Amino acid sequence: MRKTGNVTAYRESLRQRILNTAMSLFKEKGIRAVRMDDIATKMAISKRTLYEIYSNKEDLLYECIKDENETLTRKIAEYANTAENEMAVVAYFIKLRLKDLGSINPLFFTEMEKYERILAFFKKNSEKQAAHSQEFMRKGIEHGFFQSDLNYDIINRMGEAAMDYVMRNRLYEKYKLDEIFHTFVIVFLRGCCTEKGLGFLDRFTAEN
């Protein structure tokens, strides 16, 4: 029984290492340029071992996307439990996304468009996050950071439409991803903030 537990723990650790390594390569080089052989070589494991866990690159990419999304969601939730207020959570989220987006090869997004299952995942996840966003904004309104006279469902839908435009028109090929995200967030966020919220946001922007 003990041996089984050790084997299971090792396999889970290996699976996570594969996801981390593969995602790093996908973001650096683009999806098409990365072969399963490259991932195995980078990790110094056999191709057989890799294929025993992920039978093809598309399945691996899909699991990479899911894992990254779950990790980001968990980090935000953990931070929110001890954060000073809602604006601090927003600032933390912006820092995480800007740090990540600043190092991603635009090919990563361009080539992702061919994977319908991944696009469907993003759509479903967006719908799921919309409900959490509504609750988050409600708390921000109670604490005086966000305006109470706005329809945040409309704002969410406008935000989704704006990001869809960015992806469909491949603005990330013309502008840096972190620049697009920063502009997007600041413009939409400032429109939602009260004077109190703007004060916090301006201090964050000046410091970063």
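A quick note: this is a predicted structure, and the numbers were derived from the prediction, not measured. The figures that follow rest on heavy atoms only: side chains count, while hydrogens, waters and symmetry mates do not.
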Review point. Heavy atoms, side chains only, cut-off 4.5 Å: are Thr110 and Ile31 in contact?
Key: no
Check your understanding: Any side-chain donor-acceptor pair under 3.5 Å between Ser46 and Thr49?
Key -> yes
Revision key, fill the gap. SG (Cys192) and CD1 (Ile155) are apart, to the nearest 0.5 Å, by 3.5 Å
Exercise for review: For side chain to side chain contact (heavy atoms under 4.5 Å, CB included), just list the numbers for Asn156 and Gln129, CA-CA rounded to whole Å, side-chain angles, deciding distance to a tenth of an Å, and then say yes or no.
Suggested key: CA-CA 10 Å; Asn156 278 334; Gln129 292 300 320; over 6 Å; no
Point to revise | Flag if over 12 foreign heavy atoms under 6.0 Å of CZ, Arg117 | key: yes
Review point. If we only count heavy atoms from C-beta on, is the Asp67 to Tyr62 side-chain gap below 4.5 Å?
Key: no
Review point. Between Asn56 and Asp59, do the side chains contain an N or O donor and an N or O acceptor separated by less than 3.5 Å?
Key: yes
Check your understanding: Does a side-chain N-to-carboxylate-O contact under 4.0 Å join Glu52 and Arg48?
Key -> yes
**Study point:** Common cluster, Tyr175/Ile186, ILVMFWY with side-chain heavy-atom separation under 4.5 Å
**Key:** yes
Study note, to complete from the structure: Between Ile65 and Met112, the two heavy atoms sitting closest are CD1-CE, 3.9 Å
Review point. Heavy-atom count around Phe188 CZ within 6.0 Å, excluding the residue itself: above 12?
Key: yes
Check your understanding: So do the side chains of Phe93 and Tyr79 get within less than 4.5 Å of each other, counting heavy atoms only?
Key -> no
Practice item. Could you tell me the separation between the CG atom of Leu119 and the NZ atom of Lys124, rounded to the nearest 0.5 Å? Key: 15.0 Å
**Study point:** Ile141 side chain near Gln147 side chain, heavy-atom distance below 4.5 Å
**Key:** no
Exercise for review: Assess whether salt bridge (charged side-chain N to carboxylate O under 4.0 Å, His left out) is satisfied between Lys27 and Asp100, documenting all intermediate values.
Suggested key: CA-CA 10 Å; Lys27 288 181 175 180; Asp100 184 41; 2.8 Å; yes
Exercise for review: Mind listing the closest non-hydrogen atom pair of Glu86 and Phe136 along with its distance?
Suggested key: O-CZ, 3.3 Å
Check your understanding: With the 4.5 Å side-chain cut-off for hydrophobic clustering, are Leu96 and Val185 part of the same group?
Key -> yes
Practice item. State, with a plain yes or no, whether a side-chain heavy atom of Asp202 is found less than 4.5 Å away from one of Arg190. Key: yes
Practice item. Assert yes or no for the condition that the ring centre distance of Phe108 to Phe26 is strictly below 6.0 Å. Key: no
Check your understanding: Are Leu107 and Phe109 connected, step by step, through hydrophobic side chains (Ile, Leu, Val, Met, Phe, Trp, Tyr) whose heavy atoms are closer than 4.5 Å?
Key -> no
Revision key, fill the gap. Nearest heavy-atom contact between Thr183 and Glu179 is OG1-O, 2.8 Å
Point to revise | Main-chain N/O of Leu61 paired to Lys66 side chain as donor or acceptor, under 3.5 Å | key: no
Check your understanding: Going through the checks in order, is the salt bridge (charged side-chain N to carboxylate O under 4.0 Å, His left out) test met by Glu135 and Arg138?
Key -> CA-CA 5 Å; Glu135 176 62 17; Arg138 184 188 65 77; 2.5 Å; yes
Point to revise | Polar contact flag, side-chain donor to acceptor under 3.5 angstrom, Asn20-Gln16 | key: yes
Review point. If you measure from CG on Asn85 to CZ on Phe145, what distance do you get to the nearest 0.5 Å?
Key: 3.5 Å
Check your understanding: In a check of side chain to side chain contact (heavy atoms under 4.5 Å, CB included) between Arg170 and each of Glu173, Lys174, Met167, Arg168, which one passes?
Key -> Glu173
Practice item. For side chain to side chain contact (heavy atoms under 4.5 Å, CB included), just list the numbers for Leu72 and Arg97, CA-CA rounded to whole Å, side-chain angles, deciding distance to a tenth of an Å, and then say yes or no. Key: CA-CA 9 Å; Leu72 177 62; Arg97 295 307 289 160; 3.9 Å; yes
Review point. Is there a side-chain contact between Lys57 and Ile39 (heavy atoms, below 4.5 Å)?
Key: no
Review point. Does a salt bridge link Glu111 with Lys29, judged by any charged N lying under 4.0 Å from a carboxylate O?
Key: no
Check your understanding: Do Tyr172 and Ile104 come within less than 4.5 Å of each other through their side chains, counting heavy atoms only?
Key -> no
Check your understanding: Is there a side-chain contact between Glu68 and Leu19 (heavy atoms, below 4.5 Å)?
Key -> no
Point to revise | Closest approach of Gly197 to Met87 (non-hydrogen atoms, all atoms of both residues) | key: O-CE, 3.6 Å
Review point. Is the shortest side-chain N to carboxylate O distance from Asp37 to Lys42 below 4.0 Å?
Key: no
Review point. Where do Asp38 and Ala33 come nearest, in terms of heavy atoms and distance?
Key: OD2-O, 3.6 Å
Review point. How long is the gap from CZ on Arg74 to CD1 on Ile76, to the nearest 0.5 Å?
Key: 11.5 Å
Practice item. Taking all non-hydrogen atoms of both residues into account, name the closest pair between Leu101 and Leu177 and its distance. Key: O-CB, 3.7 Å
**Study point:** Within one Ile-Leu-Val-Met-Phe-Trp-Tyr cluster: Val187 and Phe146, side-chain cutoff 4.5 Å
**Key:** no
Check your understanding: After noting the C-alpha distance and the side-chain angles of Arg11 and Ile53, does the key distance pass the side chain to side chain contact (heavy atoms under 4.5 Å, CB included) rule?
Key -> CA-CA 9 Å; Arg11 192 173 181 84; Ile53 300 178; 3.6 Å; yes
Check your understanding: Which is it for Lys47 and Met36 under the side chain to side chain contact (heavy atoms under 4.5 Å, CB included) test, yes or no, and what are the steps along the way?
Key -> CA-CA 7 Å; Lys47 290 187 291 183; Met36 295 290 274; over 6 Å; no
Review point. CG/Leu171 to CG/Asn169 distance, rounded to the nearest 0.5 angstrom?
Key: 6.0 Å
Check your understanding: Below 4.0 angstrom, N of the basic side chain to O of the carboxylate: do Lys75 and Glu78 qualify?
Key -> no
Review point. Distance from Phe122 atom CZ to Asn69 atom CG, nearest 0.5 Å?
Key: 7.5 Å
Check your understanding: Is Asn105 reaching over with its side chain to a backbone N or O of Glu28, donor-acceptor style, under 3.5 angstrom?
Key -> yes
**Study point:** Worked check of salt bridge (charged side-chain N to carboxylate O under 4.0 Å, His left out) between Glu12 and Arg15
**Key:** CA-CA 5 Å; Glu12 176 58 27; Arg15 185 192 71 83; 2.8 Å; yes
